[in-house]
Number of protein chains: 2
Amino acid sequence: MPKVETFDRNQVLLKATEIFQKKGYNGTSMQDLVDVTNLNRSSIYNSFGCKLGIFMEVLSFYKNDIDQSFEKELIKTYNTADAIKVIFEITLKSILEDDDKKGCLLVNCTSEMANQEPIVHSFVEKNQDKMIAMIEDIINKGQLQKIFNEKQTASQYALYLFTSLQGLRMTGILNKNEEELRNLVNNILYILY
Amino acid sequence: MPKVETFDRNQVLLKATEIFQKKGYNGTSMQDLVDVTNLNRSSIYNSFGCKLGIFMEVLSFYKNDIDQSFEKELIKTYNTADAIKVIFEITLKSILEDDDKKGCLLVNCTSEMANQEPIVHSFVEKNQDKMIAMIEDIINKGQLQKIFNEKQTASQYALYLFTSLQGLRMTGILNKNEEELRNLVNNILYILY
DNA sequence: ATTTAATTGAAATGATCATTTCAAAATTAA
DNA sequence: TTAATTTTGAAATGATCATTTCAATTAAAT
């Protein structure tokens with residue numbers, strides 16, 4: 001019976017994520033992927049189909065990674081104010097660790113490919129909707145608890161915060177000044193109280 | 001004596017801008033540029049040097065266009081509150097007109113190339129600094145006139161507003177709902193009053 | 001041990017990439 | 001008109017692109 005997949009799929013996806021995040025989709029060649037994954041060219045095609053195939057798996061992998069880190073930190077939070085802060089804290093940490101200015105893969109591919117590849121378009125659109133819905137839930141709870149004001153609906157605040165997160169990721173590509181970025185986050189959250 | 005340049009350089013740069021904005025730097029080929037500019041391949045190399053050469057001219061062209069539309073609208077404004085609103089209004093208009101979800105060339109190339117091409121890195125960095133300085137000037141005047149509060153320095157508000165602009169451009173790629181985006185802008189500006 | 005089917009390596013495919021080359025055509029000042 | 005010089009067209013360059021091919025190798029199940 002068949003030989004089974006020997007390589008560590010997660011390890012391969014991690015390496016592929018790094019190179020796609022660094023060079024972008026169009027800037028990354030199959031040769032780049034062969035080099036960084038230490039996988040045979042045939043094995044890549046065998047396991048992922050085509051370049052867009054491995055990219056879509058990378059997108060899911062990257063998104064799951066973010067979801068997990070959110071989940072892990074959010075269950076530790078005692079109130080909704082902390083929950084929102086944690087989301088920005090994770091983003092800030094990710095920015096400060098991003099030494100080679102790669103930026104966020106989801107933001108990058110939204111700007112590079114959303115208008116070119118329908119499958120990427122629907123992926124990032126769905127992902128954005130989920131993210132906004134998650135924030136809206138938190139705001140909703142916070143408003144019920146009178147922690148956040150009700151001048152705007154939870155939905156409106158969610159769009160505002162999601163937009164701020166994307167802005168933060170863009171600004172954070174070139175600006176790694178922690179003090180400035182922390183103050184920026186405080187200013188973003190000011191409207192909620 | 002020499003034959004002079006016959007083609008309309010601005011027209012060529014406009015066409016080149018459109019294709020770079022739509023497909024990105026790595027997604028645009030010299031053949032694409034030949035096709036959209038109706039210029040000979042040799043003429044492109046003769047006039048712009050190389051692909052990165054024409055791209056850098058496109059960046060300047062695009063940036064000048066934005067600067068001019070800002071200048072044109074800003075001289076009409078009577079107070080600093082309007083000045084800030086005008087900046088967001090121009091951005092909003094640009095988003096709503098962007099039917100094919102190209103996004104902003106400066107945002108796109110920050111995410112695609114700032115970490116790969118030093119010359120692009122320094123261009124967008126300088127451009128960001130100037131934009132933030134311009135916003136800071138407006139905030140400064142507004143604070144002196146007691147139109148904006150002084151809970152944060154003009155510099156801190158400028159970074160916040162610039163980040164919000166970038167976030168708005170990212171959100172505006174997939175979300176073209178004018179009502180939602182207008183409310184979003186109002187929320188962004190809330191902190192100033 | 002033999003069968004079975006996937007993995008692997010390495011080479012080949014043919015398209016497309018950015019860039020160069022160069023002779024012919026075009027244009028302008030003298 | 002002639003001389004000067006650039007634009008133009010079209011082909012060639014050689015590298016790199018994504019993808020395919022296929023024989024050899026590998027590993028599990030019988």
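Below, read A as the first sequence line, B as the second, and so on, with proteins coming before strands; counting in each chain starts at 1. This structure is a prediction, so every number in the text was calculated from the model and none was measured.
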### Message
Rounding to an integer number of Å, can you tell me how far A/Lys23 NZ sits from D/dA18 P?
### Response
10 Å
### Query
When the nearest nucleotide of DNA chain D is assigned to A/Asp32 and to A/Ser42 on a heavy-atom basis, which residue is associated with the more 5' position?
A/Asp32
### Query
CG of B/Asn26 versus C1' of D/dC17: gap in Å, rounded?
13 Å
### Message
Can you tell whether the side chains of A/Glu73 and A/Lys76 come within less than 4.0 Å, N to carboxylate O?
### Response
yes
### Message
Using whole Å, what does the distance between atom C1' of nucleotide D/dT21 and atom CG of A/Asn40 come to?
### Response
13 Å
### Query
Could you give the CG-to-C1' distance, from B/Asp35 to C/dC17, as a whole number of Å?
14 Å
### Query
Is there a chain of hydrophobic side chains (I, L, V, M, F, W, Y, each step under 4.5 Å between heavy atoms) that links B/Leu144 to B/Leu192?
no
## Note on the structure
Whole-Å distance, B/Met30 CE to C/dA15 P, equals 22 Å
## Note on the structure
Closest to the side chain of A/Tyr45, out of C/dT19, D/dT20, C/dG9, is D/dT20
### Message
When you measure from the side-chain N and O atoms of B/Asn46 to the phosphate of D/dT7, is any distance below 4.0 Å, counting only OP1 and OP2?
### Response
yes
### Message
Looking only at side-chain N and O atoms, does A/Gln156 offer a donor or acceptor that is under 3.5 Å from a partner on B/Asn187?
### Response
no
### Query
Atom CD of A/Gln31 and atom P of D/dC17: how far apart are they, to the nearest Å?
7 Å
### Query
CG of B/Leu33 versus P of C/dT16: gap in Å, rounded?
16 Å
### Query
Does A/Ser29 have a side-chain nitrogen or oxygen under 4.0 Å from the phosphate oxygens OP1 or OP2 of D/dC17?
yes
### Query
Quick one: is B/Ser43 getting a side-chain N or O under 4.0 Å of the D/dT7 phosphate, OP1 or OP2?
no
#### Entry: Rounded distance (Å) that lies between atom P of C/dT13 and atom CZ of A/Arg41
15 Å
### Task
Taking all heavy atoms of A/Thr163 and all of B/Leu168, pick out the closest pair and write down the distance.
CG2-N, 3.4 Å
